[in-house]
Amino acid sequence: QNGMRNGSGVYRYQTGDVFEGQWTNNVKNGGRIAFSNGDVYEGDLVNNRKHGQGRYRFLNDGDYVGSLLLACATARVDIAAVVLSMKANG
């Protein structure tokens with residue numbers, strides 16, 4: 001519609017990442033992102049950012065399930081640190 005993505009769809013990025021989910025006026029608003037490194041995020045997205053409830057599955061480092069607050073692409077490092085800390089302490 002008017003050259004903008006709306007509704008359900010799949011988008012494959014040049015990086016190899018794949019988004020499958022909901023679009024509203026070219027903005028991702030929930031779904032699944034499979035990253036080229038094997039990690040997967042499934043959950044809420046608000047204005048293209050991970051926000052709300054979600055599950056981040058790391059190929060080699062386990063899972064994080066819970067809330068995210070406006071996490072951008074660089075948040076993977078922060079989430080990985082939380083997961084590793086949780087493993088070490090629990």
(request) Taking the side chain as every heavy atom from C-beta outward, state whether R32 and V40 have any pair of such atoms under 4.5 Å apart. (result) yes
(request) Assess whether side-chain contact (heavy atoms from CB on, under 4.5 Å) is satisfied between R12 and V10, documenting all intermediate values. (result) CA-CA 7 Å; R12 299 178 195 290; V10 175; 4.3 Å; yes
(message) Return the CD to CD distance between E42 and Q53, rounded to the nearest 0.5 Å.
(response) 13.5 Å
(message) Quick check: closest heavy atoms across N29 and V46, and the distance to 0.1 Å?
(response) OD1-CA, 3.8 Å
(request) For the residue pair N6 and N25, establish whether any side-chain heavy-atom pair is separated by less than 4.5 Å. (result) yes
(message) Any heavy-atom pair between the side chains of V27 and N47 that's under 4.5 Å?
(response) yes
(request) May I ask you to test the F58-F35 pair for a side-chain heavy-atom distance under 4.5 Å? (result) no
(request) Evaluate the side-chain proximity of T24 to Q22: yes if any heavy-atom separation is below 4.5 Å, no if none is. (result) no
(request) For Y13, enumerate each residue passing the side chain to side chain contact (heavy atoms under 4.5 Å, CB included) test, keeping only those at least two apart in sequence or located in another chain. (result) Y11, T15, D17, F19, W23, K28
(request) State whether D63 and R55 are salt-bridged, where the test is any N-O pair (Lys NZ or Arg NE/NH1/NH2 against Asp/Glu carboxylate O) under 4.0 Å. (result) yes
(message) Just so I know, are the side chains of L45 and I33 near enough to count as touching, which here means a heavy-atom distance under 4.5 Å?
(response) yes
